[in-house]
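Just so we're clear, the structure is a prediction, and the values are computed from it rather than from any experiment.
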Amino acid sequence: MASLIDIHPVNPQARNVKQAVALLARGEVLAAPTDSGYALMCHLDDKAASDRLRQLRGVDDKHHLTLLCRDLSELSHYARVDNRQYRLLKQGTPGPFTFILEATKELPRRLSHPSRKTIGLRVPAHAVLQAILEEHGSALLSTTLILPGEDAPLYEADEIETALGRQLAAIVDAGPCAHMPTTVVDLTGMDKGGDAVLVREGAGDPAVLGL
């Protein structure tokens, strides 16, 4: 049964953050809040964990997973970013935006889209998630917590426990969570002179990016 890790939403307790990160380091999949709802997350270098994450979400290798990054410097380690893309990324980070970009060779090929070689990336603003990322020391692999066959994400720790309590190592409970997924923006065409493309409108205001 999943353990509930209570973490203060504004002032995360270091001991509880370390507890969550220790589970990630062991190859476990956790549910944790972001600034756009709950997400499933795991260590990106652990193939078994990433396979488990896809299984829980009910998606195949053509579904864009998302890297949760501490900042733009870490994001650019895993994605090719030119000057135009970087200026737009600065406008939307940290925040509830997911950006689709071409993956670099630093990202394991099994995690990028098999034909497009792209990956979703975001820099969240949620204090608890930032504390987890800082303690972990590198990006985490994630996906919005939507159950197979469902359209709406899960937003409450107790409903996640009911649905997935026997399949997760832990659920990070930091209180109420946003009830909207990220806004998704495809930046891959910008390096060829094209424009950013709004893929899905969600919690992030597209006007912030000039869209």
Side-chain angles (χ1 to χ4, degrees), residues 2 4-10 12 20 29-42 53-54 56-59 62-72 74-75 79 85 88-101 113 118-133 139-165 168 170-188 195-211:
L4 279 176
I5 303 175
D6 291 312
I7 301 182
H8 193 280
V10 179
V29 177
L30 308 186
T34 76
D35 45 357
S36 58
Y38 265 83
L40 297 171
M41 57 193 66
C42 68
L53 184 144
R54 288 186 189 274
L56 289 168
R57 179 68 165 76
V59 297
K62 296 179 178 60
H63 178 85
H64 269 117
L65 298 178
T66 299
L67 291 189
L68 300 168
C69 301
R70 289 172 288 181
D71 51 35
L72 283 181
E74 187 167 72
L75 182 153
Q85 291 165 331
L88 193 145
L89 288 166
K90 283 189 68 175
Q91 295 170 2
T93 57
F97 292 92
T98 297
F99 299 98
I100 298 174
L101 288 157
H113 190 282
T118 51
I119 185 72
L121 301 103
R122 62 178 297 201
V123 179
H126 198 286
V128 170
L129 186 50
Q130 275 288 347
I132 289 173
L133 287 167
L140 289 170
L141 189 67
S142 75
T143 185
T144 303
L145 209 170
I146 302 175
L147 296 176
E150 300 292 332
D151 296 322
L154 298 181
Y155 297 106
E156 303 288 344
D158 57 352
E159 65 179 0
I160 296 169
E161 184 178 24
T162 299
L164 295 174
L168 295 172
I171 300 164
V172 175
D173 188 354
C177 200
H179 281 226
M180 193 176 292
T182 57
T183 291
V184 180
V185 183
D186 190 336
L187 305 185
T188 55
D195 296 319
V197 176
L198 180 64
V199 177
R200 179 185 71 196
E201 186 168 354
D205 183 0
V208 170
L209 308 177
L211 301 175

Begin from the C-alpha positions of Leu53 and Leu65 and carry the test side-chain contact (heavy atoms from CB on, under 4.5 Å) through to its verdict.
CA-CA 10 Å; Leu53 184 144; Leu65 298 178; 3.8 Å; yes
Pair Thr162, Asp158 - check side-chain contact (heavy atoms from CB on, under 4.5 Å), show working.
CA-CA 6 Å; Thr162 299; Asp158 57 352; 5.6 Å; no
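When each of Thr182, Leu88, Thr188 is checked for a side-chain contact (heavy atoms from CB on, under 4.5 Å) with Phe99, only Leu88 meets the rule.
Rounded to the nearest 0.5 Å, atoms OH (Tyr38) and SG (Cys177) are 6.0 Å apart. The CG atom of Leu187 sits 5.5 Å away from atom CG of Leu89, with the distance rounded to the nearest 0.5 Å. Note that CG of Leu147 and CG of Leu164 are 5.0 Å apart. Values are rounded to the nearest 0.5 Å. Once rounded to the nearest 0.5 Å, the distance linking NE2 of His64 with CG of Leu121 reads 9.5 Å. Here the CG-CG distance, from Leu198 to Leu209, works out to 9.0 Å after rounding to the nearest 0.5 Å. Leu154 contributes atom CG, which lies 8.0 Å from atom CD of Glu150 (distance to the nearest 0.5 angstrom).
Across all non-hydrogen atoms, the minimal contact from Ala174 to His126 is CB-CE1, 4.2 Å. Closest heavy-atom contact between Val128 and Pro9: CG2-CA, 3.8 Å. Of all the heavy atoms in Leu56 and Pro148, the pair that sits closest is O-CD, 3.3 Å. Scanning all heavy atoms of the two residues, the minimum distance from Leu140 to Cys42 falls at CD2-O, 3.5 Å. For the pair Pro124 and Cys69, the tightest heavy-atom approach, listed with the atom from each and the gap, is CD-O, 3.4 Å. Residues Met41 and Leu68 share a closest heavy-atom pair of CE-CD1, 3.7 Å.
Without hydrogens or angle criteria, Thr183 side chain to Gly202 main chain gives a donor-acceptor distance under 3.5 Å.
No side-chain donor from either of Thr66 and Arg122 sits under 3.5 Å from a side-chain acceptor of the other.
For the pair Leu30 and Leu168, the minimum side-chain heavy-atom distance is 4.5 Å or more. In this structure the side chain of Val172 reaches within 4.5 angstrom of the side chain of Pro33, judged on heavy atoms. With a 4.5 Å cut-off on side-chain heavy atoms, Val123 and Arg70 do not count as touching. Side-chain atoms of Leu145 and Ile160, non-hydrogen and from C-beta on, do get closer than 4.5 Å to each other. Residues Leu141 and Leu67 are in side-chain contact: their nearest non-hydrogen atoms beyond the backbone lie under 4.5 Å apart. Side-chain contact between His63 and Arg57 is present, with heavy atoms from C-beta onward closer than 4.5 Å. Residues Val185 and Ile100 fail the side-chain proximity criterion, which asks for heavy atoms closer than 4.5 Å. Side-chain contact check for Thr93 versus Asp71: every heavy-atom pair is 4.5 Å or farther apart.
Using a cut-off of 4.0 Å between Lys/Arg side-chain N and Asp/Glu carboxylate O, Arg200 and Asp186 are scored as not salt-bridged.
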